[in-house]
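Down below is the structure, laid out as structure tokens.
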Amino acid sequence: MVVLAVDTSTEVCSVALMDEQRPAWEISFPVRTGHGGSLLPVIDTLFSLSPFSKTDVELIAVGVGPGSFTGIRIAAATARGLSLALGCTLAGVNTLDTIAMGALPSAIPVVPVIDARKSEVFCRLYAPDGNPRTPSMNLRPEAVGEIVQEETLFIGNGVRLYREVLRRTLGRRFREGPEHLWYPRASVLARMALSQVSRGVIEPVQPLYVRPSDAALALERMKPGA
């Protein structure tokens with residue numbers, strides 16, 4: 001089965017093509033002005049570099065967040081359009097799960113922390129074997145200590161923003177992971193989607209926002225009596 005995987009839920013765009021027998025063809029790069037104008041050209045470039053054609057694709061895997069509201073919508077809309085054009089299956093994968101799986105195997109628990117703006121992070125605690133111990137959460141960085149009871153590996157772009165807060169709050173429980181583990185990789189996402197297929201439980205491409213978007217909050221405030 002040939003998989004096309006895309007993730008634009010952070011400031012890094014990651015796209016991969018792979019099948020079940022060979023290593024992935026993957027492109028990941030930072031985006032400064034939004035993913036909208038870069039995603040489709042990158043997908044086209046990846047097809048030109050790989051041995052696959054668009055008609056080979058049977059599964060499209062998408063990072064559904066939590067993360068950038070705009071980035072998640074761009075990836076989901078692009079994937080839906082391509083799935084209609086190519087007649088293939090869609091699978092959604094939690095972005096925090098993808099980041100955590102990219103750090104395995106681990107000798108200690110893992111917490112990905114993604115910048116959620118408003119001085120908050122999206123995070124989730126995982127056992128060393130990758131099994132989640134908490135749901136995906138939206139917390140202030142100083143509150144992360146409430147879910148971490150032992151030395152834990154922290155990865156994700158939230159580490160750069162809140163490193164000192166995490167160190168001060170967690171002390172010896174905080175271990176910073178290397179930067180190459182901070183972002184979701186589409187090749188990891190693709191393997192997780194293939195695992196969904198093998199288990200017969202395919203997750204929908206439904207954005208996982210964890211908290212309401214600014215637009216939703218503004219709309220709620222506009223309602224009578226709000």
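This structure is a prediction, so every number in the text was calculated from the model and none was measured.
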Would Arg173 and Glu150 count as a salt bridge (charged side-chain N to carboxylate O under 4.0 Å, His left out) here? Give the steps. CA-CA 5 Å; Arg173 290 174 290 166; Glu150 58 190 302; over 6 Å; no

Does the side chain of Val188 reach to within under 4.5 Å of the side chain of Ile99, using non-hydrogen atoms? no

Would you say the side-chain atoms of Glu120 pair up with the backbone N or O of Asn138, donor to acceptor, closer than 3.5 Å? no

For Glu11 and Tyr183, test the side chains for any donor-to-acceptor distance below 3.5 angstrom and give the result as yes or no. yes

Would a 4.5 Å heavy-atom cut-off, applied to side chains only, mark Val6 and Val42 as touching? no

Has the side chain of Tyr126 got a donor or acceptor atom that lies under 3.5 Å from a matching backbone atom of Pro109? no

Ring center gap for Tyr209 and Phe69 short of 6.0 angstrom: yes

Return the minimal non-hydrogen interatomic distance between Asn94 and Pro66, and the atom names on each side. OD1-CD, 3.9 Å

Measure the shortest side-chain to side-chain distance between Ile43 and Leu39 over non-hydrogen atoms and say whether it is less than 4.5 angstrom. yes

Where is the tightest heavy-atom contact between Pro184 and Ser9, given as atom of each residue plus distance? CG-OG, 4.3 Å

Ignoring hydrogens and angles, tell me if any N or O in the side chain of Asn157 forms a donor-acceptor pair with the backbone of Asp115 under 3.5 Å. yes

So which heavy atom on Val165 is nearest to which on Pro141, and how close? CG1-CB, 3.9 Å

Are Phe174 and Glu151 packed together at the side-chain level, in the sense that at least one heavy-atom pair is separated by less than 4.5 angstrom? no

Can you see whether Thr70 engages Ser68 through a side-chain donor-acceptor pair at a distance of less than 3.5 angstrom? no

Would you say the side-chain atoms of Thr152 pair up with the backbone N or O of Val148, donor to acceptor, closer than 3.5 Å? no

Indicate if Val111 and Leu181 have the same hydrophobic cluster label, given that clusters are the connected sets of ILVMFWY residues with side-chain heavy-atom separations under 4.5 angstrom. yes

Assess, by modelled atom type and distance only, whether the side chains of Asp7 and Thr98 contain a donor and an acceptor separated by less than 3.5 Å. no

Shortest non-hydrogen contact from Gln196 to Gly92? NE2-O, 2.9 Å

The side chain to side chain contact (heavy atoms under 4.5 Å, CB included) partners of Ala77 (sequence neighbours excluded) come to none

Give, for atom CG of Asp56 and atom NZ of Lys54, the distance between the pair rounded to the nearest 0.5 Å. 12.0 Å

Under a 4.0 Å threshold between the charged nitrogen and the carboxylate oxygen, would Glu176 count as salt-bridged to Arg163? yes

So do Ile202 and Thr89 actually touch side chain to side chain, heavy atoms under 4.5 Å? yes

Closest heavy-atom pair and its distance - Gly177, Leu153: CA-CD1, 3.5 Å

Do the side chain of Glu26 and the main chain of Ala186 share a donor and acceptor less than 3.5 angstrom apart? yes

Do Val210 and Met137 have side chains that approach each other closer than 4.5 Å (heavy atoms only, starting at C-beta)? no

Report all side-chain donor-acceptor pairs from residues 79-86 shorter than 3.5 Å, counting only partners two or more places apart or in another chain.
residue: Arg80; atom: NH2; partner: Val205; partner atom: O; Å: 2.4
residue: Ser83; atom: OG; partner: Ala79; partner atom: O; Å: 3.4
residue: Ser83; atom: OG; partner: Arg80; partner atom: O; Å: 2.8

Of all the heavy-atom pairs spanning Ala61 and Ala190, show the shortest one and how long it is. CB-CA, 4.5 Å

Flag side-chain contact, heavy atom, 4.5 Å: Met18 against Pro23: no

Can Thr169 and Glu142 be counted as having a side-chain donor-acceptor contact under 3.5 angstrom? no

For Arg124, does the CZ atom sit with more than 12 other heavy atoms under 6.0 Å from it, leaving out its own atoms? yes

Starting from Leu139, can I reach Ile155 by hopping between I/L/V/M/F/W/Y residues whose side chains sit under 4.5 Å apart? yes

Would you say that more than 12 heavy atoms from the other residues, nucleotides or ligands in this model lie under 6.0 Å from the CZ of Arg117, or not? no

Just wondering, do Val121 and Tyr162 contact through their side chains at under 4.5 Å, heavy atoms? yes

Going by the side chain to side chain contact (heavy atoms under 4.5 Å, CB included) test, name the single residue among Ile60, Leu4, Leu59 that passes it with Cys88. Ile60

Distance flag, aromatic centroids of Trp25 and Phe52, threshold under 6.0 Å: yes

